[in-house]
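Labels below follow one simple rule: chain letters A, B, ... track the order of the sequence lines, proteins then strands, and each chain is numbered from 1.
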Amino acid sequence: MSDLHTLSLLVENKPGVLTRVTSLIARRGYNIASLAVDRVEDPTLSRVTIVVEADATPTEQIIKQLHKLVDVHKIYRLDDEDSVSRELALFKVAVTPDQRPEIISITNVYRARVLDISPDSMIIEATGNGNKLDTMEGLLREYGIKEIVRTGKVALSRGLRD
Amino acid sequence: MAQEHRMTGAQAIVASLEAEGVEYVFGYPGGNVLGIYDALYDSSIQHVLVRHEQAAVHAADGYARSSGRPGIVLVTSGPGATNTVTGIATAFMDSIPLVVITGQVETGIIGTDAFQEADITGITLPITKHSYLVKDVRDLPRVIKEAFYIATTGRPGPVLIDVPCDVQAATFDFWYPLTVNLPSYKPTLRGNKRQITAAAALIARAKRPVLYVGGGIIASDASGELMELAESMSIPVAVTLMGKGCFPAEHQLYLGMPGMHGGIHVNMALEQADLLIAVGVRFADRVAGKLADLARSTKVIHIDIDPAEIGKNQEVDVPIVGDARGILAGLIEELRKMGAQPHCQDWLQQLAVWQREHAIPCAHRGDAIDPAAFMCDLARMLQQRDDDFIICTEVGQHQMWAAQKLPINRPRAFITSGGLGTMGFGLPAAMGAQIANPESKLLCISGDGSLQMNIQEMATIRSLGLPLKVIVLDNAALGMVRQFQELFYQQRYSATLFDESPDFVAIARAYGWAAACISTPSQIRAALEWLLSYDGPALLTVRIPQDALVLPMVPTGATVDDVIIARPEHDGREAEL
Ligand SMILES: Cc1ncc(C[n+]2csc(CCOP(=O)(O)OP(=O)(O)O)c2C)c(N)n1
Ligand SMILES: [Mg+2]
């Protein structure tokens with residue numbers, strides 16, 4: 001499998017811009033592993049954090065092609081050393097009342113939170129990097145995960161640049 | 001700030017085009033552009049009413065390619081807009097500046113599958129350099145200004161503006177901006193100095209250099225600098241299909257065209273060079289084949305305005321992003337400072353030997369017209385006349401014979417769909433080129449298949465009184481595809497042979513053109529004399545054998561070692577040639 005690369009884009013906050021970005025990546029034949037979008041400090045701009053599955057050379061090509069989109073202002077390639085990243089997940093787990101303490105202790109170990117308790121299930125909120133969420137998912141699977149939603153990665157570079 | 005005038009969006013569109021100095025708009029009307037057509041009625045801008053929207057785009061494209069000015073298209077929503085798609089894709093692939101204005105249904109009903117609604121900005125997303133859907137009439141002038149700027153700067157390309165009909169009808173105070181403010185669009189024009197020095201050092205040392213140049217030279221108007229660089233260092237020049245004319249074919253340093261149907265010696269030169277100076281080319285698969293296996297020792301300098309082209313198809317030693325003209329001037333200057341002298345005599349002699357050894361003779365076969373030999377006859381006749389010729393082609397074998405045999409000596413005088421290879425491009429493109437160059441003689445080299453893809457434009461050409469000439473190489477076949485079937489699909493001619501061609505002479509006459517047909521070599525001279533001196537639109541059908549091949553041919557993905565130079569022996573059939 002190809003590597004995962006995290007790209008952080010500052011783009012115009014306008015209709016259609018996200019389509020331009022994602023369709024370009026798809027058209028060049030690469031898969032988007034995750035995607036997160038929201039507005040930033042400047043309301044005319046949005047930040048798009050994309051994780052693409054590609055080897056190093058094609059990733060360079062994707063970046064160059066994305067740079068050509070008129071609505072794309074800046075592109076940063078974020079690697080693990082010089083950036084911090086987070087992802088948020090909600091897990092809905094099937095649990096009987098007597099299993100609840102076990103789930104709560106897993107939740108504590110992973111510094112996650114219980115958002116909701118129903119008679120037959122619980123919803124857990126967890127943030128962290130992808131690995132942490134993957135392991136947690138593995139543990140919770142033992143009990144029976146009914147639904148999962150993950151935000152996709154968001155990331156920022158460390159320190160100040162330009 | 002310019003003066004403000006109260007006007008409608010439709011009037012503002014026309015006023016903006018006037019402010020951009022537009023002389024011609026190629027288009028076709030309909031329900032959702034009535035306002036713009038009404039405004040055009042009072043304008044000095046001339047509207048060319050084509051007979052199919054695809055042709056409007058090709059005509060605007062031919063206008064742009066032959067003049068260097070952007071081509072303008074105006075069509076209605078829905079089917080009018082979708083008919084432009086092939087034309088836009090053609091221009092996009094060859095980096096041609098166009099501004100395409102499409103009507104759209106009312107803003108309030110967009111997204112409801114309204115009558116003649118099509119999401120044209122969505123449909124054309126991957127084939128436009130940029131596009132706009134204008135929802136507020138006050139944005140129109142800025143959008144049009146930006147569209148022209150984006151289409152014509154950096155790596156040129158088509159820009160689409162979709163204007164809902166209520167936006168065309170709304171009124172506002174119009175003034176046309178003088179500048180654009182696009183913080184995220186800043187093409188790199190000036191080449192990096194250090195890279196230029198590094199490139200000059202490689203050039204000064206190279207023993208077997210080749211300049212490999214293409215459409216980028218034409219787009220950046222860099223023919224003069226190219227000539228100076230080639231001459232000052234005696235570097236041979238290989239010119240791609242898209243670059244034809246950017247370096248004169250009659251020049252002694254002109255090597256020829258590389259690629260699938262390029263000269264064998266040209267492909268050998270690219271493979272054996274110790275330095276490739278690639279300028280405004282993209283190492284396209286049709287040209288470079290398996291160039292990726294270039295000798296390890298070959299150094300590559302790649303100059304292009306589009307950073308994404310560099311390193312895309314070919315690894316590069318010295319990349320230089322920027323406008324070719326300035327960079328070539330920088331190289332010349334740098335080489336002069338170094339005191340570099342031409343020192344490639346051995347290499348030039350070697351190339352001359354290869355050229356002689358690998359030339360493929362062409363001659364008519366008995367009573368039949370050999371298409372390659374016909375092109376040589378035509379080339380000779382064009383050289384004898386001192387008219388200023390522009391050659392346009394359709395797509396197929398005839399295109400390749402024209403590209404191989406017709407000598408082109410100036411930029412913008414050879415117009416062909418290189419990247420997309422669009423049949424049906426040639427006739428409308430020739431029309432646009434003739435409009436842009438009323439003094440030039442326009443010659444469209446066509447095939448019986450391609451001509452029928454936009455044949456209706458004969459009516460437009462006739463009604464405009466354009467004196468353009470069409471030569472149809474009629475093999476009653478989709479010859480280029482037939483050739484692939486003959487060579488690579490065991491002569492199984494699936495869907496490529498026509499039982500007979502239509503009577504193109506009768507068709508042409510019905511459109512009000514003069515027309516003639518020839519089928520033997522002895523008729524060629526007189527027929528061409530007639531065609532080239534006829535005053536008005538005229539068509540010449542040239543009957544050629546169905547089985548003629550374009551040679552040489554480097555099969556897809558192969559190298560020059562595998563080049564086909566004669567018809568191979570098929571089962572039970574003798575090899576010819
Ligand atoms: C719009 C379009 N459809 C299909 C093709 C594929 N194609 C390439 S060359 C060719 C045959 C062209 O026939 P003709 O114009 O008669 O030229 P010839 O090769 O016979 O000289 C075809 C079908 C194409 N290039 N463009
Ligand atoms: Mg044909």
Side-chain angles (χ1 to χ4, degrees), chain A residues 2-3 5 7-32 35 37 39-50 52 54-77 161-162, chain B residues 89 92 95 107 110-111 119-136 139 142-143 146-147 149-151 153-162 180-188 282-283 292 302 304-316 319 321:
Chain A
S2 312
D3 296 338
H5 299 272
L7 308 181
S8 177
L9 284 69
L10 275 177
V11 305
E12 294 275 324
N13 177 16
K14 292 200 292 216
V17 175
L18 187 61
T19 317
R20 288 180 198 275
V21 169
T22 53
S23 81
L24 189 151
I25 296 173
R27 179 160 61 90
R28 301 267 165 190
Y30 301 102
N31 192 32
I32 296 178
L35 175 75
V37 197
R39 266 181 291 179
V40 294
E41 325 78 72
D42 177 347
T44 65
L45 299 181
S46 300
R47 184 181 299 278
V48 183
T49 311
I50 307 180
V52 288
D55 294 330
T57 314
T59 304
E60 279 308 313
Q61 178 62 208
I62 292 172
I63 293 174
K64 286 174 172 177
Q65 295 291 351
L66 286 171
H67 261 300
K68 295 203 293 184
L69 296 178
V70 174
D71 292 326
V72 173
H73 285 242
K74 291 214 164 75
I75 305 179
Y76 304 103
R77 186 166 173 177
R161 45 174 153 188
D162 51 63
Chain B
F92 183 73
S95 310
T107 323
I110 289 179
D119 172 14
I120 195 63
T121 49
I123 291 169
T124 58
L125 202 70
I127 51 167
T128 47
K129 185 169 171 189
H130 193 50
S131 57
Y132 298 88
L133 167 59
V134 183
K135 289 191 169 162
D136 184 332
D139 291 337
R142 173 186 58 82
V143 163
E146 287 178 8
Y149 182 74
I150 292 170
T153 54
R155 179 177 185 171
V159 177
L160 184 135
I161 309 174
D162 199 20
V180 292
N181 177 24
L182 287 165
S184 56
Y185 176 77
K186 296 250 180 318
T188 308
R282 53 191 185 98
F283 291 87
H302 192 178
D304 204 283
I305 195 142
D306 181 356
E309 282 308 336
I310 294 180
K312 185 175 83 177
N313 295 338
Q314 172 70 41
E315 282 182 37
V316 172
V321 176

Could you grab the distance from atom [atom1] of [X] to atom [atom2] of [Y], nearest 0.5 Å is fine?
| X | Y | atom1 | atom2 | value |
| --- | --- | --- | --- | --- |
| A:K68 | B:H130 | NZ | NE2 | 14.0 Å |
| A:T57 | B:E315 | OG1 | CD | 7.5 Å |
| A:H67 | B:K186 | NE2 | NZ | 14.0 Å |

| task | Tell me, for B:I150 versus chain A, whether the close heavy atoms (under 4.5 Å) come from the side chain, the backbone, both or neither. | result | side chain

| Is it the backbone or the side chain of B:T121 that comes under 4.5 Å from a heavy atom of chain A, or both, or neither? | neither

| task | Give the member of B:P307, B:P187, B:G311 that has the highest number of heavy-atom pairs under 4.5 Å with chain A. | result | B:P307

| What part of A:Q65 lies closer than 4.5 angstrom to a heavy atom of chain B: side chain, backbone, both or neither? | both

| note | The interface call for A:V70 against chain B, heavy-atom contacts under 4.5 Å, is both

| said: If we ignore hydrogens and angles and just use 3.5 Å, is the side chain of A:K64 paired with the main-chain N or O of B:I310 as donor and acceptor? | reply: yes

| field | A:K14: side-chain hydrogen bond (donor to acceptor under 3.5 Å, both in side chains) partners, not counting sequence neighbours | value | A:D71

| said: Can you list everything that forms a side-chain hydrogen bond (donor to acceptor under 3.5 Å, both in side chains) with A:E60? Sequence neighbours excluded, please. | reply: A:R77

| message | Using the side-chain contact (heavy atoms from CB on, under 4.5 Å) criterion, which residues pair with A:P43? Sequence neighbours excluded. | response | none

| note | Among residues 18-25 of chain A, residues within the sub-4.5 Å heavy-atom range of chain B, in order of number, are A:T19, A:R20, A:S23

| Taking side chain as C-beta onward, heavy atoms only, is A:H73 less than 4.5 Å from B:P183? | yes

| message | Could you check whether atom CZ of A:R27 has more than 12 heavy atoms from other residues, nucleotides or ligands sitting under 6.0 Å from it? | response | yes

